[in-house]
Amino acid sequence: MFPVFSHACITDSGAFGHQRTHADVFSAAIRRARRCSFRVQLRAASHYGLPDIGFIAWPEIVDLVGRIRTVVPERHLVVDIDDGYGDDEVAAHVTRLLKRAGASAVVLEDQDRPCRCVRMDGKLLRDLEDSLWRLERVLGASGDMLVVARTDATAPEEILRRCVAFAGVGADVILADGLRDLDTLEELRAATGRPLVFNQLAGGKSPQASLKDLGDRGVALVFYSTAMLFAAQRAMENSVDELLAGGGRLDAIGRTV
């Protein structure tokens, strides 16, 4: 039986958590020992060597969640399903499959395709009514999983309009990505009455903040979307450099045969 991610988990101040993104089972196994919940996001950069603009298909993310569950049966898995893979029926179908695979929550965004990561400019938004209809389909298929509704709007008034609308149709948690002003978090929390997620992204558009500061502003979950990916990149680059500089000896990178 997989853990259920309830409202109590994310509204109890003692349960305030921080999520770390991972895209493979090996990294999930490593982080299991750190006793934190996980956000599952299969990145095109690490999977295909391509930009994060919508190359990942839904069967791949469903398969990944199933494989992670084999090594992390007791932690919460928050799964990014992008825009619902371009279709209302597909979004609902994927949600049901992820629930069966053991996901604790899904994140659905309102971007239009081609999708862009939060660091990029030129993102397109789907019509709000269309976004709400897809969100309702996902909510109807989610059962006891939580649904995080994400907007990529940039204008403050549009961010507020969309987040309030998401809460109005039943979204459990709200995520406004790429916020330039942390004070907006308190406004969103008051206007929606929902717990908030904050995406702490290295090189992103939002200011950096501590977990305590974010918690004081109404944030219940924090995603570190690229921190572990960038750390792995630096470690691999350093190891290759040290190996080359050491004439190919393994002990040049602090390891022995």
Side-chain angles (χ1 to χ4, degrees), residues 19 21 39-45 50-56 58 61 78-88 90-91 94-95 105-139 146-169 171-185 187-189 191-192 194-209 214 217-226 229:
Q19 314 287 319
T21 299
R39 178 190 184 195
V40 182
Q41 184 176 37
L42 186 56
R43 290 188 172 276
L50 295 170
D52 186 19
I53 56 174
F55 284 105
I56 300 299
W58 66 261
I61 195 69
V78 181
V79 184
D80 195 327
I81 60 171
D82 295 330
D83 66 335
Y85 305 99
D87 184 84
D88 302 338
V90 172
V94 171
T95 300
V106 294
V107 183
L108 178 70
E109 66 189 46
D110 63 358
Q111 275 201 67
D112 202 357
R113 298 208 167 204
C115 297
R116 296 284 186 267
C117 82
V118 68
R119 300 172 63 186
M120 296 180 178
D121 294 322
K123 291 184 290 185
L124 304 174
L125 296 180
R126 299 176 62 239
D127 179 79
L128 179 56
E129 293 303 316
D130 291 342
S131 297
L132 292 176
W133 175 244
R134 186 167 300 173
L135 175 58
E136 289 181 304
R137 297 302 305 276
V138 168
L139 286 164
L146 293 187
V147 175
V148 180
R150 162 182 157 176
T151 183
D152 283 85
T154 55
E157 63 278 4
E158 186 62 13
I159 293 172
L160 182 61
R161 184 173 82 99
R162 286 178 176 254
C163 289
V164 169
F166 295 161
V169 298
D172 300 295
V173 189
I174 300 296
L175 167 58
D177 220 2
L179 288 178
R180 306 296 183 98
D181 186 351
L182 293 182
D183 290 340
T184 306
L185 292 168
E187 184 180 4
L188 291 177
R189 182 71 172 92
T192 64
R194 294 291 193 274
L196 305 179
V197 173
F198 185 77
N199 195 8
Q200 191 105 276
L201 184 69
K205 300 179 183 299
S206 299
Q208 298 296 303
L214 292 171
R217 295 171 184 268
V219 173
L221 297 173
V222 181
F223 292 154
Y224 291 91
S225 295
T226 56
L229 178 65

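Keep in mind that what you see is a predicted model, and the values were worked out from it rather than measured. What's counted below: heavy atoms across the whole structure, side chains too, no hydrogens, waters or symmetry copies.
Residues Leu124 and Arg113 fail the side-chain proximity criterion, which asks for heavy atoms closer than 4.5 Å. Using a 4.5 Å cut-off on side-chain heavy atoms (C-beta onward), Phe198 and Leu182 make contact. A 4.5 Å side-chain heavy-atom check between Arg217 and Arg189 finds every atom pair outside the cut-off. Side-chain contact between Ile174 and Val148 is absent, with no heavy-atom pair separated by less than 4.5 Å. Taking the side chain as every heavy atom from C-beta outward, Phe223 and Val107 approach each other to under 4.5 Å. Side chains of Val197 and Val222 form no contact here, defined as non-hydrogen atoms less than 4.5 Å apart.
For the pair Thr151 (side chain) and Ile159 (backbone), a donor-acceptor distance under 3.5 Å is absent. Looking only at distances, no side-chain donor or acceptor of Asp82 sits under 3.5 Å from a matching main-chain atom of Tyr85.
Here the OG1-CZ distance, from Thr192 to Phe166, works out to 11.5 Å after rounding to the nearest 0.5 Å. Interatomic distance, Glu187 CD to Cys163 SG, rounded to the nearest 0.5 Å: 10.0 Å. Between the CZ atom of Arg150 and the CG atom of Asp80 there is a distance of 6.5 Å, given to the nearest 0.5 Å. In this structure, CG on Leu125 lies 8.5 Å from CG on Asp112, to the nearest 0.5 angstrom. Atom CG in Leu132 sits 10.0 Å away from atom CG in Leu139 (nearest 0.5 Å). Note: Gln111 CD to Arg126 CZ = 11.0 Å, rounded to the nearest 0.5 Å.
Ala153 and Glu158 get closest at one heavy-atom pair: CB-CG, 3.8 Å. Listed here is the closest heavy atom pair of Gly84 and Val90: O-CG1, 3.9 Å. A pairwise comparison of heavy atoms in Gly178 and Ser206 identifies C-OG, 3.3 Å as the closest pair.
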Between Val147 and Val173, does a side-chain contact (heavy atoms from CB on, under 4.5 Å) hold up when you go through it step by step? CA-CA 6 Å; Val147 175; Val173 189; over 6 Å; no
If you apply the rule side-chain contact (heavy atoms from CB on, under 4.5 Å), what do you find for Val78 with Leu146, and how did you get there? CA-CA 9 Å; Val78 181; Leu146 293 187; over 6 Å; no
Show your reasoning for whether side-chain contact (heavy atoms from CB on, under 4.5 Å) applies to Leu196 and Leu188. CA-CA 8 Å; Leu196 305 179; Leu188 291 177; 4.3 Å; yes
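A salt bridge links Arg134 with Asp88: at least one charged nitrogen is closer than 4.0 Å to a carboxylate oxygen. In summary, Arg194 and Asp172 do not engage in a salt bridge, as defined by a charged side-chain N under 4.0 Å from a carboxylate O. A salt bridge links Asp110 and Arg162; the closest N-O separation between the charged side-chain nitrogens and carboxylate oxygens is under 4.0 Å.
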